[in-house]
Amino acid sequence: MEWTSKKIRETFLEFYKRKGHHIVDSAPMVVKNDPTLMFINAGMNQFKEYFLGDSEPKNVRVSDTQKCLRVSGKHNDLEEVGVDTYHHTMFEMLGNWSFGDYFKKEAIEWAWELLTEVYKLDKDRIYISVFAGDKNDNLELDGESKEIWKGLIDETRILECDRKDNFWEMGETGPCGPCSEIHVDLRSEEERAQIDGKSLVNEDHPQVVEIWNLVFIQYNRKANGELVDLPNKHIDTGMGFERLAMALQNKKSNYDTDIFMPLINKVVSISGKTYGATDSKQDVAIRVIADHVRAISFSIADGQLPSNIGAGYVIRRILRRAIRYGYSFLALNEPFVNKLVEVLVAEMGGQFPEIKLQQSLITKVILEEEESFLRTLEKGISRFENYAAKNQDKNIDGKFAFELYDTFGFPIDLTELLASEKGLHVDMQEFLNCLQQQKDRSRAATIIKTDDWVTVFDDEREEFIGYDQLVANIKITRYRKVIIKGKEQYQLVFNFTPFYAEGGGQVGDTGHLESNDEKLYVVDTKKENNVIVHFTEELPKDVNKTFKAAVNADARELVESNHSATHLLHEALREVLGSHVEQKGSLVNDKHLRFDFSHFQKVTAEEVKQIEEIVNNRIRKNIALEEIRNAPIKQAREMGAMALFGEKYGDLVRVIKFGSSLELCGGTHVNSTANIGLFKISHENAIAAGIRRIEAITNKTAETFVANQLEELHAVKGLLKNPKNVQGAIKDLLKKNSQLAKQIDALNKDKAKGAKGDLMNEAIEINGIQFIGKELDLDSASIKDIAFDLKGKNDNLFIILGNKVDGKATLTIAISDNLVKDKGMHAGNLIRELAKEIGGGGGGQSAIATAGGKNPEGINVAIEKAKVLLDS
RNA sequence: GGGGAAUUAGCUCACUUGGCUAGAGCGCUUCGCUGGCAGUGAAGAGGUAAUCGGUUCGAUUCCGAUAUUCUCCA
């Protein structure tokens, strides 16, 4: 059978469906609402809350293929991707899960059945590893797994490995357990005859690779390092889709499979180079590009645009790495990555419709980034050339290389390349020192220390009641201390809460907790793994009490006003600009709202006006909120409710309806549109290629804004003595002003001209030089003008002029060019000497110089002194 | 979140102990050569040196704040 990648994926899902698993969609690759993670890096991420026991799974057996992104970690360094043949930034992970249902026996036996009987992998090429135990954690060999495997495979093919390879942990703390890995040996018969495959397991051999990891989650690691048994045991497995394809398609590299070859062929045809699957720089470059375009495209599809912070910065770095490799090793100095999107969509748009639907946006965003980075490269190169020309030694200073990198974004390997072309080398040690210092600085700024949760009393899930109530009597179920930048904070969880946690663009509620004898403030509310966490700066004296929890109602009202207005804005945008408008980001707080959306041109002033009109019309119509709390997602979609790319929805969703505006939304809203009061767009601008941002205000904030504008206008009118036509009055004023300025200019020139004529007559000869020295009643600019003019028109001339402005003195010296050249006279040096007489300092060039000082009486003394100097 | 940098003519950018009438290329305007265009020659216009404050006799230059943009790290 021909195992195309499509067929491999379908077969996997089909197999587990037969084993009673519910097949779910891949979660968006970009993680929201989890501060510990930027991107999905394993299949289990979207099920984390079930492992932690924070919520109850609807299905105990689940299977999927999950888009993952890894750019750092113990086995994945971005700089290594493309160099070898089996690591990727973005990859798919095929997985099956059991949440407290089946455990090791089924997990192992099904994996074996699928690999050997369905995919028909050669049993002789398979090796198994099991956990060998660990003294520090007081854990013994995972004999249970070993016994199960012994029933399936020859014992000699089972390896016992230590915790580095066979004990899986989610993070510093949390659910964990031993795992069992399945490795395959894909080498040729000859190679296998020479070296036993068993000795190559876990040795980073490109053809002896791990393809599947079966994790048996049975412990919870606490902050003090102690392991405790979990009440429910879980299965979490992950199989590398690209590696499986390599095995089934009999290839030596993931890149040779039908997953990557179409992309590689396209790079080949764009660059005019050939691909030889070797480790030459050229082939590495082609692999890097084929890999990275996938990561970037899927991230953009999931709503993450390249930017200079957080997840967006990671995407930008990946894209820039692709461009850099193309630029350095394939001589591609025009944008090219965007041209690959079309190939990717053709290959993967079926399984992942999000990239097909957003193809034009993805292409445009990548193109824009490419152009901007190519500009950065150009500037860096010219900066480097400049430096190299000035410093003709054999070393490129590490500090300079770091400055290029850090401040101007010029990649260090390009600096090295440019240097070696000139026979220079870069002081890498110093560069790395600088980089390390920068890292230390950043890390020190973001230290977060988290204690274990302290359980106050057991309760079922925390419930959110804030849609209906802003005040409630609550009990604290658990709390913990966190230290952020040396500042202590407490995180509290309640049995139920009126506080809305930050999400869907809406900020978290603030408010307070109150009991008889104390009151403490909730400064923020956030969600962590679906649990609502309240942030306070202190802990109540007695956490067992019942507290009155009250949301800051004024702030909440303004937030709701802005949130509902956002929905109306979204709908109006689609009506005015077209249905290509998709939400790309949203922020709603009590001050204003911000809405990012896909659109390719500036929104014109006329369109802004139309949008405001539509929204304000709907506000005036007083449309009542219709809220459906628990609509099945399918039904909600059929109603035509707007959903977002890159957002993960549960089976039951909340639908918010204001007339014809219909959106899936978890946020809080006004009861009726009239509560919004007034809607006003304050800014419209671009934030990225193809993405515009609108900022707007509503309610009291909008009223205040309008009132202030009117007040300002009244004030302006008042200053102009209330003219009928304000604009005309101001235009006249400006015109008059410029006329006056011209007149003054002309008068000054006249005055200077007069002075100039007189001056030449006053010239006296000293030592063969024409000397003019005089104090004039003119402004400094005119004096300079005169001095320049006379010096330009006359050879053999020395002029020194003085004037007084605001009780301060200024001296100006000008010397004809021939004197400077022939006699080596220097106005700058002379004036430094003379400036002492007026109690100041000065300087300038050889032909003209100025000085200032506080002592106007000294002007004439200075002029006399100049005569003496010339005479000597 | 923590650093580094940039902001000068319509555009792209120069300008070091703080004092040069702040310059260049492209573009623009006018005129000339050419039958017209392309081309070419000459002349010219165009600047609050991002904004605000400080130091100084004097700030585009040094210092601080603000705004915008770029960039690295987390």
Side-chain angles (χ1 to χ4, degrees), chain A residues 35-38 71-72 306-314 316-317 320 369 372-373 375-380 382-383 386 390 399-412 431-432 434-448 484-487 683 685-688 737-738 741 745 749 752 779-792 802-815 817 820 826-832 834-856 858-859 862:
Chain A
T36 63
L37 203 62
M38 266 193 230
V71 287
S72 60
S307 77
N308 57 351
I309 45 165
Y313 178 55
V314 175
R316 171 170 284 172
R317 252 168 54 197
R320 292 189 166 187
E369 270 296 307
S372 125
F373 187 55
R375 273 198 299 273
T376 300
L377 289 182
E378 247 174 60
K379 286 190 181 170
S382 83
R383 208 164 265 275
N386 225 326
K390 276 184 197 160
K399 283 208 181 82
F400 172 73
F402 184 72
E403 189 198 13
L404 265 187
Y405 170 78
D406 182 58
T407 303
F408 301 102
F410 194 69
I412 183 63
F431 173 83
L432 291 172
C434 292
L435 187 62
Q436 191 56 46
Q437 279 170 21
Q438 145 114 305
K439 285 188 179 180
D440 293 344
R441 247 198 327 267
S442 284
R443 203 161 289 136
T446 52
I447 285 178
I448 300 176
I484 302 170
K485 280 199 258 179
K487 211 177 118 195
H683 295 98
N685 58 319
I687 57 161
N737 187 45
S738 84
D745 215 36
K749 268 190 186 144
D779 62 298
S780 300
S782 301
I783 295 240
K784 234 177 194 179
D785 202 42
I786 292 168
F788 257 94
D789 194 54
L790 292 178
K791 141 186 136 48
N803 67 324
K804 278 183 263 187
V805 180
D806 298 335
K808 290 173 186 169
T810 306
L811 285 175
T812 304
I813 292 181
I815 307 173
D817 295 342
V820 173
H826 196 286
N829 295 340
L830 285 169
I831 206 155
R832 241 184 287 276
L834 299 177
K836 288 175 189 163
E837 304 301 332
I838 53 167
Q845 274 59 51
S846 51
I848 185 147
T850 56
K854 286 176 192 166
N855 177 24
I859 291 177

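Order of the sequence lines fixes the chain letters, A, B, ..., with proteins taken first and strands second; residue numbering starts at 1 for each chain. Side chains included, hydrogens not; waters and symmetry mates left out as well; all remaining heavy atoms used.
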Which of the following nucleotides, [options], is nearest to the side chain of [X]?
X	options	answer
A/Asp406	B/C13, B/G3, B/A74	B/G3
A/Arg832	B/U17, B/C13, B/C72	B/U17
A/Arg320	B/C72, B/A5, B/G1	B/C72
A/Tyr405	B/G2, B/C72, B/U71	B/C72
A/Lys379	B/A74, B/C13, B/C72	B/C13
A/Lys808	B/G19, B/G2, B/G58	B/G58

Using the [atom1] atom on both, measure [N] against [M] and round to a whole Å.
N	M	atom1	value
B/U61	B/A50	C1'	16 Å
B/A59	B/U68	C1'	23 Å
B/U8	B/C13	P	10 Å
B/G64	B/A45	P	39 Å
B/U7	B/C15	P	10 Å
B/C31	B/G23	P	28 Å
B/C37	B/G46	P	28 Å
B/A6	B/A14	C1'	15 Å

Query raised in the report: For A/Arg317 and B/C72, is the shortest distance between a side-chain N/O and OP1 or OP2 below 4.0 Å?
Result: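 So the side-chain polar atoms of A/Arg317 never come under 4.0 Å of the phosphate oxygens OP1 or OP2 of B/C72.
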Requested in this report: Check whether any side-chain N or O of A/Arg383 sits under 4.0 Å from OP1 or OP2 of B/A6, and answer yes or no.
Outcome: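 Answer no for this pair, as no side-chain N or O of A/Arg383 is under 4.0 Å from OP1 or OP2.
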Taking atom [atom2] of [N] as reference, at what distance in whole Å does atom [atom1] of [X] sit?
X	N	atom1	atom2	answer
A/Leu404	B/G3	CG	P	22 Å
A/His826	B/G19	NE2	P	12 Å
A/Asn829	B/U17	CG	P	13 Å
A/Glu369	B/C70	CD	P	9 Å
A/Phe373	B/U71	CZ	P	9 Å
A/Glu378	B/U12	CD	C1'	11 Å
A/Glu403	B/G3	CD	P	18 Å
A/Phe431	B/C72	CZ	P	11 Å

Paired with [N]: which nucleotide, if any, by Watson-Crick or G-U wobble criteria at under 3.5 Å for both distances?
N	result
B/U34	none
B/A24	B/U12
B/U7	B/A67
B/G1	B/C73
B/A45	none
B/A59	none

Query raised in the report: With sugar-phosphate meaning primed atoms plus P, OP1 and OP2, does A/Gly409 contact a base, only sugar-phosphate, or nothing at under 4.0 Å between heavy atoms?
Result: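 Sugar-phosphate, no base atom in range.
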Query raised in the report: With a 4.0 Å cut-off on heavy atoms, is A/Arg375 in touch with a base, just the backbone sugar-phosphate, or nothing at all?
Result: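 Here A/Arg375 touches no strand at all.
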Query raised in the report: Which distance, rounded to the nearest 0.5 Å, do you find between the CZ of A/Arg375 and the CG of A/Leu377?
Result: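 Going from the CZ atom of A/Arg375 to the CG atom of A/Leu377 covers 11.0 Å.
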For the residue pair [X] and [Y], what are the closest heavy atoms and their distance?
X	Y	answer
A/Cys434	A/Phe402	CB-CG, 3.4 Å
A/Ile813	A/Leu834	CD1-CD1, 3.7 Å
A/Ile838	A/Gly858	CG2-C, 3.7 Å

Query raised in the report: Is A/Ile412 close to A/Leu435 at the side-chain level, that is, under 4.5 Å between some pair of heavy atoms?
Result: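 No, their side chains stay 4.5 Å or more apart.
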**Report entry** Pairwise side-chain contact, A/Gln436 with A/Lys439, heavy-atom cut-off 4.5 Å (strictly under)
**Finding:**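 A/Gln436 vs A/Lys439: side chains touch.
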Report task. Specify the residue among A/Ile848 and A/Lys854 whose closest nucleotide of RNA chain B lies further upstream toward the 5′ end. Result ->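 Whichever sits nearer the 5' end wins; that is A/Ile848.
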Query raised in the report: Does A/Arg383 count as lying over the ring of A/Phe410, i.e. NZ or CZ under 6.0 Å from the six-ring centre, within 45 degrees of the axis?
Result: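 Output no; distance or angle outside limits.
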